[in-house]
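First up is the structure itself, then whatever we jot down about it.
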Amino acid sequence: MTDAALKAQLEELRTTINEHNYRYHVLDQPSISDAEYDKLLNQLRAIETEHPEWITPDSPTQRAGAEPSPKFAKVTHPAPILSLGNAFDEADLRAWFERISRLDERVRKASFVAEPKLDGLSVVLHYKDGLFVQGATRGNGDVGEDVTANLRTLRKLPLRIPAAAGGPKPPADLFVRGEVFFFKKDFEALNKRQSESGERIYQTARNTAAGTLRQLDPSITASRALTFYVYNIIAAEGKIPATQWETLQYLQDLGFPTAPESVLCKDLEDVVAAYKQWEAGRDALPYEVDGMVVKLNDIGLYNDLGVVGKDPRGSIAYKFPALEVTTMLQDIGVNVGRTGVLTPYAMLEPVEIGGVIVKQATLHNFDFIAEKDIRIGDRVLVKRAGDVIPYVIGPVLTERKKGARKYKPPAVCPVCGQPVETVEDEVAWYCVNAACPEQIVRNVEHFVAVLDVVGMGEKIVAQLNAAGLVKDVADLFSLTREDLLSLEGFADKKADNLIASIEAARTRSLHQLIFALGIRGVGWVMASALSAKYRDLDEIAKASTQDIDDIEGIGPNIAETITDWFAQASNKAVLKKLKKAGVWPRSEPRKAPSGPQPFAGLTFVVTGTLPTFSRKDAGDFIEARGGKLAGSVSKKTSYLVVGEDAGSKLDKARELGVPTLDEDALKQLADQA
Ligand code: IVH
């Protein structure tokens, strides 16, 4: 290749990589996999190694991260926030060891610390005289974004150190670095909530963590269970430990959470052994990791070795094999869920991802297929993360073949053949036939799970349905011992136990029963709101859409779904049967608050940091005076109570013309009213 052609290629690589950096770090919407990104960066590095004279200070190889977003105030870090070089296999790791051993003989006898490489967002926390004063994202490595208010909402973050009496006295100024991320279970719970309320599903924990931390409204950050671990001291004014292993201990003593999996390795062979162990146990870890960070334990030696580009020589990221692979999309199938929602899934040419053979992966919903323009016959990028169901990220467009077919969602339910429907403002498609057998089974499964019917799993539900014994949830309560004994696999004891656990389910609360009915969009929280307003299912059945819409937290679409559900003949029949079977819990009326009720009939939303009230104080103050508290601003909001750093809620209030109050004005209003 001529120099001119090579240079053109270099320019193009830089432009492409910069665009991906922007998508990843600023928009939190990557369009390629990490592995593909690494490939581009390696190509660029290869050219730059051949032609070091072409390296410019703004080349993507010369920096970590992306420019801080103008949405946030900028924070200059006390020292550069460095990145890490990668090792993709044992040979890379050993080559790294040799390289640095040649630079400094001490490395040959050195010990290492192996830490999980957490897949989250790097942050720098500043403590002044033991107080948490500022927290920032890495940004471009020199300047980050001020996300202090959001970081304060992380429950594990110590606002003062030492967090416990008897801890060491911290340096007057201390900057620590850590990673903000989601535990797998919390990320799954977040997505479950999203899907229950018909909202978008988040794809990757890492980008959602980044998006959550970079919210303008801290209450959104607070509403999601972000967590973090710290792993380095960036700068300190005062004495700090001389080794990485002691640093981790010291940070713990100060009250910071650190990754419990970190280990001290006496030499490189120990590191190799630890890696093998971790890789095998990777799925069992409570969070996502993409590798192991290997650090020289001796911080003096580490510092002496210096930095290449933005990577310190004394540590390296030893990556696990990618959990993202590409494979061929052979066909698209459709599942029917308990609320009748149809979900497409990918039928894949079987492929190994991190030791597991994957044949199917979720495609989320039909809009997703259209948005990503996924076609049958495409090569698609698939990711598997821990125990989460594998999912399709998107097609590999460069490899699209001529014969790739566009996909059309089914017009009828693949199980019962009845026409499907869509709901305005929702991405889901539904089978609305209440008699659809697939739905019945799923619905009963959900019902018994919510009502805690011990011993009734998926298989038994399917058996009961196939035998014609359970056609709706109410049928469960008329099952007899004989019915059960007629099924395969049932002996006396098993039948008795199951009858006993069905009996026990008769007396669950109204709140539980509403949720168990599986009304589309009605999750645990909404079921609670309904059971607080209405005494029993009859009262809800009689309520108008407007009545239900008036409940804080329930919007007009769901209100309509609820009244529709209660109006449907098949559901009325189920309710009648439940009542007859004595499964008819009533909720206790809420205790009337005592004292004057100046805020009766008013709904408040609180945002930002108030001068003296905590969020809870403000809520208690409002509710004690008869006011209602809501989580988001709508036209039903009477007042928005605004503190410092108020974000999108304030914008929304202005847009809707909702009046705002500060803390003083709130107190005055209580006195006047
Ligand atoms: S040390 C200069 N330790 O991985 C040292 N980084 O690929 C670099 N990361 O930007 C940081 N877990 O965001 C370190 N235990 C750990 C880490 C970790 C995750 C992230 C960090 C860094 C990226 C580099």
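Order of appearance sets the numbers: ligands from 1, and atoms from 1 within every ligand. The basis for the numbers below is simple: all heavy atoms, side chains too, and nothing from hydrogens, waters or symmetry mates.
Among all protein heavy atoms, the one lying closest to atom 12 (N) of ligand 1 is L118 N, 3.1 Å. Ranking the protein heavy atoms by distance from atom 15 (N) of ligand 1 puts E115 OE1, 2.8 Å first. Atom 14 (C) of ligand 1 has its closest protein heavy atom at Y231 CE1, 3.2 Å. Among protein heavy atoms, the minimum distance from atom 4 (O) of ligand 1 is reached at K117 NZ, 3.1 Å. With hydrogens left out, the protein atom closest to atom 22 (C) of ligand 1 is R177 NH2, 3.3 Å, a heavy atom. The protein heavy-atom contact nearest to atom 3 (N) of ligand 1 is K295 NZ, 3.0 Å. At the shortest separation from atom 13 (O) of ligand 1 among protein heavy atoms lies E179 OE1, 2.8 Å. Closest to atom 2 (C) of ligand 1, if we only count protein heavy atoms, is P312 CG, 3.3 Å.
With ligand atoms numbered from 1 in the order given, ligand 1 contributes 2 (C), 5 (C) to contacts under 4.0 Å with heavy atoms of Y302. The L82 neighbourhood of ligand 1 comprises atoms 2 (C), 8 (C), with distances under 4.0 Å to a heavy atom of that residue. Here is the list of ligand 1 atoms found below 4.0 Å of a heavy atom in N232: 1 (S), 5 (C).
Centroid-to-centroid, the aromatic rings of F256 and F228 stay 6.0 Å apart or farther.
With rounding to the nearest 0.5 angstrom, the OG1 atom of T362 is 8.5 Å from the CZ atom of F368. Between the CZ atom in F97 and the CG atom in L268 there is a gap of 5.5 Å [rounded to 0.5 Å]. Taking NE2 of H364 as the start and CD1 of I369 as the end, the distance is 10.0 Å to the nearest 0.5 Å.
Checked against a 3.5 angstrom limit, the closest N/O atoms of V293 and ligand 1 fall outside it. Geometrically, ligand 1 and S315 share no nitrogen or oxygen pair separated by less than 3.5 Å.
Heavy atoms of P116 found under 4.0 angstrom from ligand 1 belong exclusively to the backbone.
With D290 as the partner, the salt bridge (charged side-chain N to carboxylate O under 4.0 Å, His left out) test is satisfied by one option alone out of K117, R282, K383: K117. Only one option out of R177, K295, E115 pairs with N232 in a side chain to side chain donor-acceptor pair (under 3.5 Å); it is K295.
Contact check for P116 versus S262: side-chain heavy atoms found under the 4.5 Å cut-off.
In this structure, T327 contributes its side chain and E349 its backbone to a donor-acceptor pair below 3.5 Å.
We find that D186 and R224 are not joined by a salt bridge, their nearest charged nitrogen and carboxylate oxygen being 4.0 Å or further apart.
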